[in-house]
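First the structure, in the form of structure tokens, and then the observations on it.
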Amino acid sequence: MFAQGITDDIGCPQCGLNSLVKNGKRKTNARLASFNGIEYHLVLNKQRYICKNCGSTCGAHSDLLIKNHTMTKQVQNRIFDMARESLTLTSIAKIIGVSVNTVSRILYDNIKLPNRCNVLPENLCFDEFRSVNGIFTFIAIDAQTHHLIELIHDRLSKTVTEHFINNYSLSERQAVKTVSIDLNANYQMVVHRIFPNAQIIVDRFHIVQLCSRALDQVRISCLKKISDKHSRLYKALKSNWRLYHLPEADVDDKKVKYIFGINEYTTTQNVIDIAIDSLPIFKNTYDVYQGIQKAIHEHDIALLEETIYGYKKNNTLWIHLFQRYGRI
């Protein structure tokens with residue numbers, strides 16, 4: 001398809017005088033949007049002009065095209081529409097028939113992350129995630145609204161500290177009351193330096209994860225001490241390890257069903273009792289794990305403190321954890 005480009009402004013863009021004369025044409029090939037996978041192109045004969053006054057040249061333009069691009073606005077709008085449907089960059093590129101870099105450039109070319117937010121919220125959440133090329137990126141969000149506050153393409157303590165100190169005044173940072181983090185020790189020092197009045201809150205998920213790993217470590221150590229690998233005790237600990245991670249309220253003690261591993265018809269509670277009745281060390285750890293889970297679920301700080309301080313085996317770790325963070 002051939003079309004004649006038309007300019008609405010006959011004045012010279014350089015000197016402003018109406019002294020433009022035609023100076024040949026230039027053929028261009030613009031990409032149109034496609035809805036059926038077939039490529040469509042718009043071939044234009046764009047009129048060229050030369051100014052008799054200053055000697056500069058220019059060309060006709062159209063609202064359908066993007067300046068200095070072979071993509072039309074139809075393609076751009078189509079990419080934006082597909083991005084709103086949460087399609088990946090690769091999927092959009094295959095459907096439209098362009099490269100992934102082109103899709104990324106159209107979506108993010110004019111997006112600039114602000115250096116700072118207008119007002120720091122009183123409650124923040126710190127974390128990190130693996131972003132481009134396996135690099136860890138630091139992220140801070142509002143703990144109440146979950147809105148993005150900061151995104152720093154580096155998780156080093158020095159970088160995070162300098163970013164907040166350089167972009168926020170001391171009075172703004174003193175207004176932050178709480179910061180929720182995981183068990184990363186580096187962030188503890190960063191929080192105390194950046195936010196002098198903030199209280200550190202350990203994410204409940206990471207506390208449960210730590211307790212779950214401790215329970216598995218005790219279970220595995222007990223397995224290694226069992227000489228008979230075909231006993232009911234060994235099979236209950238080995239094959240049905242997921243049952244010990246269930247909250248106590250979800251353990252069924254009435255419904256009889258076939259339990260693989262031990263290959264018996266029994267209840268879930270009976271399988272758990274096989275281990276905790278025979279292994280006092282595992283029973284102690286299991287009771288503490290269930291107590292911590294219940295305390296976190298019910299937000300019962302008194303029960304959590306009682307459970308941690310009542311733990312007789314290796315309780316130094318749990319007391320240190322509770323004294324250091326104070327809240328869940």
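Separation of atoms OG1 (T137) and CG (D127) is listed at 11.5 Å; rounding is to 0.5 Å. We find the CD1-CG distance between I149 and L124 to be 6.5 Å, quoted to the nearest 0.5 Å. To the nearest 0.5 angstrom, S239 atom OG is 11.0 Å from I259 atom CD1. For the atom pair CG (L120) and NZ (K177), the distance works out to 14.0 Å, reported to the nearest 0.5 Å. Here the CD1 atom belonging to I281 is positioned 13.0 Å from the OG atom belonging to S278, to the nearest 0.5 angstrom. Summarising the geometry, atom CG belonging to N270 is positioned 8.5 Å from atom CD1 belonging to I262; distances are rounded to the nearest 0.5 Å.
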When you look at T88 and T90, which way does the side-chain hydrogen bond (donor to acceptor under 3.5 Å, both in side chains) test go after all the steps? CA-CA 5 Å; T88 63; T90 305; 4.9 Å; no

Before you tell me yes or no, could you show the steps for H192 and I200 under side chain to side chain contact (heavy atoms under 4.5 Å, CB included), namely the whole-Å CA-CA distance, both residues' side-chain angles and the distance that decides it to 0.1 Å? CA-CA 8 Å; H192 288 306; I200 295 178; 3.4 Å; yes

Show your reasoning for whether side chain to side chain contact (heavy atoms under 4.5 Å, CB included) applies to I226 and L237. CA-CA 10 Å; I226 300 175; L237 285 173; 4.0 Å; yes

Could you check L107 against L89 for side chain to side chain contact (heavy atoms under 4.5 Å, CB included), going step by step and ending with a plain yes or no? CA-CA 9 Å; L107 290 176; L89 297 181; 3.5 Å; yes

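The ring-ring contact (aromatic ring centres under 6.0 Å, His included) pairs that include a residue from residues 211-245 are W241-H245, Y244-F282, H245-Y289, where partners are two or more places apart or lie in different chains. Sorted by first and then second residue, the salt bridge (charged side-chain N to carboxylate O under 4.0 Å, His left out) pairs involving residues 80-100 (not counting sequence neighbours) are D81-R84. Among pairs with a residue in residues 271-293, those fulfilling salt bridge (charged side-chain N to carboxylate O under 4.0 Å, His left out) read K283-D287, at least two apart in sequence or across chains. Residue pairs meeting the salt bridge (charged side-chain N to carboxylate O under 4.0 Å, His left out) criterion with at least one partner in residues 212-240, sequence neighbours excluded, are D216-R219, R232-E264.
When all heavy atoms of A140 and F164 are compared, the pair lying nearest together is CB-CZ, 4.4 Å. Minimum heavy-atom separation, V208 to Q293: CG1-NE2, 4.3 Å. Across every non-hydrogen atom of N197 and Q174, the tightest pair is ND2-O, 3.2 Å. Contact record, N53 with C15: ND2-SG, 3.5 Å, taken as the closest heavy-atom pair. Across all their heavy atoms, I296 and R204 have their closest contact at CG2-CD, 3.3 Å. Between G261 and N240, the shortest heavy-atom contact is CA-ND2, 4.4 Å.
A donor and an acceptor atom, one from each side chain of T178 and N123, are located under 3.5 Å apart.
R48 is linked by a salt bridge (Lys or Arg N to Asp or Glu O under 4.0 Å) to nothing, counting only residues two or more places apart in sequence or in another chain. Legend: residues meeting ring-ring contact (aromatic ring centres under 6.0 Å, His included) with Y286, ordered by chain and number and at least two apart, are absent. Applying the salt bridge (Lys or Arg N to Asp or Glu O under 4.0 Å) test to E162 and every residue at least two apart in sequence or in another chain returns nothing. Residues satisfying the side chain to side chain contact (heavy atoms under 4.5 Å, CB included) criterion with T102, sequence neighbours excluded, are M71, V98, S99, R105, I106. Take E248 and apply the salt bridge (Lys or Arg N to Asp or Glu O under 4.0 Å) test, not counting sequence neighbours, and it matches no residue. Judged as a salt bridge (Lys or Arg N to Asp or Glu O under 4.0 Å), and not counting sequence neighbours, R242 has no contacts.
Side-chain atoms of Q290 come within 3.5 Å of backbone atoms of L246 as a donor-acceptor pair (strictly under, hydrogens ignored). Panel note: side chain Q47, backbone G24; a donor-acceptor pair is recorded below 3.5 Å. Judged purely by atom type and a 3.5 angstrom limit, T161 uses its side chain to pair as donor or acceptor with the backbone of S157. Remark: the backbone N or O of L303 is paired with a side-chain donor or acceptor of T307 at under 3.5 angstrom. Without hydrogens or angle criteria, S212 side chain to Q209 main chain gives no donor-acceptor distance under 3.5 Å. Judged by distance alone, with hydrogens and angles left aside, the side-chain atoms of T159 form no donor-acceptor pair with the main-chain N or O of R155 at under 3.5 Å.
Using a 4.5 Å heavy-atom cutoff, the side chains of T57 and Y49 are not in contact. For the pair V218/L279, no side-chain contact is recorded, criterion being any heavy-atom separation below 4.5 Å from C-beta on. Residues P196 and L170 have side chains in contact (heavy-atom distance under 4.5 Å, counting atoms from C-beta outward). Between T268 and K255 there is no side-chain heavy-atom pair separated by less than 4.5 Å. With contacts defined as side-chain heavy-atom distances shorter than 4.5 Å, the pair I135/H153 does not qualify. The shortest side-chain heavy-atom distance between Y187 and D182 falls under the 4.5 Å cut-off. The shortest side-chain heavy-atom distance between I181 and I201 does not fall under the 4.5 Å cut-off.
Each of I220 and I274 belongs to its own hydrophobic cluster when Ile, Leu, Val, Met, Phe, Trp and Tyr are linked at side-chain heavy-atom distances under 4.5 angstrom. Clustering ILVMFWY residues whenever any of their side-chain heavy atoms sit less than 4.5 angstrom apart, transitively, puts I165 in a cluster other than the one holding M189. Clustering ILVMFWY residues whenever any of their side-chain heavy atoms sit less than 4.5 angstrom apart, transitively, puts L156 in a cluster other than the one holding F136. Placement of F80 and M82 within a single hydrophobic cluster is found when ILVMFWY residues are connected by side-chain heavy-atom separations under 4.5 Å, directly or transitively.
If you chain together ILVMFWY residues whose side-chain heavy atoms come under 4.5 Å of each other, I50 ends up grouped with V21. Here V256 is tied into one hydrophobic group with Y258, F260, Y265, each link being a pair of ILVMFWY side chains closer than 4.5 Å.
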